[in-house]
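Reviewing the structure listed below.
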Amino acid sequence: MKQIAKVIVDVPAMQTNRPYDYVIPLNLVQKLEIGMRVEVPFGSRSIQGFITEIVDDSNYDGELKEIVRPLDIEPVLTEELLQLGKDMADRIYSYQIYCYQTMLPTMLKAKYSKEFFLTDEIEEALWFDLFEGQDTLSWERALEKGVLPQLLDLKKREKVDLRYLVKNQVKSKKIKVYCSAMSWLQIEEELETLPKNASKQKELLHALQKIEDQWMTKKEFQEQFDLSAQTVQTGVNKRWLKEEEKEVYRDPLKNHHFSQTENKQLNDAQTEAFNQVKEAIENNEHHVFLLKGVTGSGKTEVYLQLIGDVLKKGKTALMLVPEIALTPQMVRHFKERFGNDVAVMHSGLSAGEKYDEWRKIKRGEAHVVVGARSSIFSPVENLGIVIIDEEHETTYKQEDNPRYHARNVAIYRGKYNQCPVILGSATPSLESRARAQKNVYKLLELPDRINAKAMPEVQIVDMREEFQENNRGNFSRVLQEKIQDRLQKKEQSVLLLNRRGYSSFIMCRDCGYVLECPNCDISMTFHMDTKGMKCHYCGHEKPVPKTCPKCAGHQFRYYGTGTQKIEKELNELFPEARIIRMDVDTTRKKGAHEKLLDAFGKGKADILLGTQMIAKGLDFPNITLVGVINADTSLNLPDFRSSEKTFQLLTQVSGRAGRADLVGEVIVQTFNPEHYAIEYAKHHNYDGFYRQEMVLRHHGGYPPYYFTTQITVSDADEKKAQVKIYEINAMIRKQMGEGTIVLGPSKSSIAKMNNRYYFQLLVKYKNEPRLHDVLTMILDQSQKDNAKGLYISIDTEPVNFF
DNA sequence: AGCACGCCGACT
DNA sequence: GTCGGCGTGCTC
């Protein structure tokens with residue numbers, strides 16, 4: 001019987017966000033499966049697609065085309081992931097094709113190209129001129145040579161034609177391995193014929209007799225039998241050794257050795273939490289647990305033992321960690337417990353390494369996946385538990401299309417697989433904590449640090465007083481004293497620079513002019529390393545102006561506290577101190593992050609100065625002082641979550657001090673010492689903060705009391721974007737019910753980015769069954785606008801407000 | 001997203 | 001009268 005494949009094609013548009021039917025050619029009938037990538041003709045092109053279904057007949061009126069070829073031998077998406085992608089696209093107003101592509105390593109994304117080829121005889125001179133003696137000519141090359149019009153003309157006269165190519169990028173790493181090419185007897189004969197003084201070669205032959213048909217690399221050969229590279233090469237040249245290519249995984253951790261660790265004894269609270277989740281595992285029940293444990297309360301050990309439990313049942317485990325917390329230290333915990341059964345996925349891996357880790361998971365060679373946001377899509381089967389550590393982190397929400405939240409995907413997969421989901425945090429998001437309050441999630445608490453150590457003492461320093469006392473620097477006198485004290489005691493200090501929502505800029509001293517990016521509507525950032533100005537949004541760079549563009553003044557004042565500036569100040573205050581600076585600039589290179597932390601851990605520096613990235617996963621015993629240089633830059637952002645984020649950050653860094661037998665101390669410098677987020681952080685009082693913040697959210701009508709959806713319109717023409725947002729605004733307001741609040745429309749706070757103008761609208765609602773249809777309709781109708789360069793984007797539950 | 005088809009202005 | 005601009009709609 002004729003088989004039809006339903007295919008989601010690689011065309012990201014609302015009109016093509018549905019399966020297209022294709023005939024499966026006879027020779028592929030048994031070979032194609034759902035979840036495979038295929039090449040299909042689409043219009044006049046040839047593109048990639050995903051088979052989502054295989055059926056017997058089609059409703060399509062026209063003539064069906066055939067699938068050209070499969071791009072995989074095995075499916076790359078499981079049935080679960082296919083379903084997930086479909087549901088997800090609908091919920092977050094994205095396209096299925098975007099969702100599927102996000103689920104896969106970039107290596108599995110097809111590359112497209114097109115080339116000209118001859119269909120008829122043309123003049124030899126002309127052919128040579130155009131095709132340079134080749135059969136085909138790529139579109140790019142034709143463009144480069146400026147012969148595109150000529151070729152298009154030939155195409156019109158049917159002398160040449162265009163061919164569309166879909167290139168599969170998949171490349172496996174291969175290494176050469178060697179094996180003896182001779183039998184024992186042959187080797188004996190060979191030994192006879194060798195001259196007496198060929199002692200090394202004799203050694204090699206004896207070695208060959210020992211290994212029989214075992215394959216190994218040259219290097220392994222050398223090491224095992226203590227031979228030189230030259231000797232082995234002689235063996236290869238004399239054909240004593242045969243050569244073969246073997247596919248290997250790129251192993252980013254090959255130079256690391258992990259010793260096995262055993263389960264640690266759990267304390268009462270840990271045991272209680274463990275048992276509750278274990279029960280869900282045993283009964284194959286889906287529950288969401290909110291594991292609230294202060295820093296150092298041993299959440300990780302609970303995770304490890306639960307994963308161990310899941311593995312014993314023959315199932316798999318998914319563990320999500322924020323990208324910046326995915327440090328070698330963190331990974332080590334898992335590798336030490338589960339060895340090679342762990343696959344690690346993070347942004348530091350090359351495309352090839354990511355693909356290999358992905359394949360290990362896909363083939364069931366790794367049953368535990370530890371990774372950042374996108375690892376939630378790992379192709380694991382038989383899922384037994386999903387853990388999201390630091391669940392409050394906003395990095396779990398992807399900021400561009402598809403705008404998914406890993407936490408929601410986790411819960412989806414937990415339901416699908418009937419397994420528990422654990423959301424862990426010392427400072428849960430208000431949303432999650434509120435759900436636990438309503439018993440939607442089960443609350444599990446680890447209230448104490450494992451070693452029964454008290455939380456560090458937090459001292460708040462009022463920087464306004466420092467200013468009045470004429471201390472204009474970034475270090476209060478108290479903090480200076482404490483740092484000096486640690487230097488003497490040979491203990492380590494960590495200094496955090498809160499850079500959220502913050503940038504350094506320059507201002508004219510005469511007229512107050514601030515240098516702005518010509519493409520975007522924000523001030524440009526001054527960079528110490530290049531001594532130039534840079535725009536954070538579009539990357540535009542220019543030198544610091546000599547004179548003010550507005551008033552021609554010569555004097556500029558440099559504002560802001562970049563890490564480099566603080567480091568300089570620190571150097572002047574403590575010339576003898578050894579400082580490690582950690583920020584985007586010093587950690588850009590691969591492995592730099594690890595190196596710096598490692599150096600600090602080994603005591604090669606006295607002070608670690610850094611941005612947000614040092615707030616997590618730092619676990620060194622010798623740190624007894626944590627200083628927060630500017631607690632409140634994140635407090636005054638136009639974002640209803642600014643207090644929550646500040647509280648989380650302060651609590652997070654406080655946990656870094658004094659974990660071992662040394663007492664920790666925390667100094668928080670601020671201009672708002674009486675702010676409740678800072679007050680509650682000082683007392684390590686999450687519950688107090690939660691209650692107060694909930695009251696404010698209730699008054700303001702914000703999550704978790706309301707759901708939010710943001711609609712953004714952008715266009716190169718400000719007027720067009722504005723007209724469109726008002727149009728949408730009118731439509732939404734007409735359709736929405738009583739309890740729904742629509743804020744805006746308004747200009748985005750960064751109204752212009754990359755020469756595009758942004759307008760937005762925020763819908764706050766408790767129960768709005770029609771919203772989904774209205775928004776889907778708006779997207780359906782946006783096709784023409786899209787073609788003209790006007791974009792509409794819909795963000796459900798946005799986490800960052802511009 | 002591309003690409004073809006189709007309807008209007010500027011020109012050989 | 002034709003070339004080519006872009007606006008519109010379709011792609012199994």
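Throughout, a chain's letter reflects where its sequence line sits, starting with A, and its residues are numbered from 1.
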Of A/Pro12 and A/Lys155, the one whose closest DNA chain B nucleotide lies more 5': A/Pro12

Pair A/Arg363-A/Glu74, salt bridge (charged side-chain N to carboxylate O under 4.0 Å, His left out): steps then yes or no: CA-CA 10 Å; A/Arg363 293 179 178 175; A/Glu74 291 174 1; 5.6 Å; no

Rounded interatomic separation in angstrom, taking NZ from A/Lys109 and P from B/dA1: 12 Å

Strand contacts (DNA chain C) in residues 777-788 of chain A, 4.0 angstrom heavy-atom criterion: A/Gln783, A/Lys784

Cation-pi geometry met for A/Arg37 and A/Phe50 (6.0 Å, 45°): no

side-chain N/O A/Tyr20 vs C/dT11 OP1/OP2, d < 4.0 Å: no

Interatomic distance where CG belongs to A/Asn17 and P belongs to C/dC10 [whole Å]: 17 Å

Any A/Lys114 side-chain N or O less than 4.0 Å from OP1/OP2 of B/dC3: yes

Salt-bridge contact A/Lys397-A/Glu797 (side-chain N to carboxylate O under 4.0 Å): no

Flag for A/Gln15-A/Asp780: side-chain donor and acceptor within less than 3.5 Å: no

Distance in angstrom units between A/Tyr112 OH and B/dA1 C1', rounded: 10 Å

Sugar-phosphate only, base, or nothing, as touched by A/Tyr60 at under 4.0 Å among non-hydrogen atoms: base

A/Tyr164 vs B/dC3: side-chain N/O to OP1/OP2 distance below 4.0 Å: yes

Nearest-angstrom distance from the residue atom CZ of A/Arg45 to C1' of C/dC12: 14 Å

Sugar-phosphate only, base, or nothing, as touched by A/Thr16 at under 4.0 Å among non-hydrogen atoms: base

Interatomic distance where CG belongs to A/Leu152 and C1' belongs to B/dC3 [whole Å]: 12 Å

Pairs under 3.5 angstrom only: tabulate donor-acceptor contacts from the side chains of residues 56-63 of chain A to other protein residues two or more places apart or in another chain.
unit_1	atom_1	unit_2	atom_2	d
A/Ser58	OG	A/Asp21	OD2	2.6
A/Ser58	OG	A/Tyr60	N	3.0

Touch class at under 4.0 angstrom, heavy-atom based, for A/Pro41 against every strand present: sugar-phosphate

Separation of C/dG9 P from A/Phe42 CZ (nearest whole Å): 17 Å

Separation of atom OH in A/Tyr95 from atom P in B/dA1, rounded to whole Å: 7 Å

Donor-acceptor pair, side chain of A/Gln735 and main chain of A/Arg770, under 3.5 angstrom: no

Length of the line joining A/Ile47:CD1 and B/dC3:C1', which is rounded to integer Å: 12 Å

Polar side chain donor-acceptor pair, A/Glu768 to A/Thr740, under 3.5 angstrom: yes

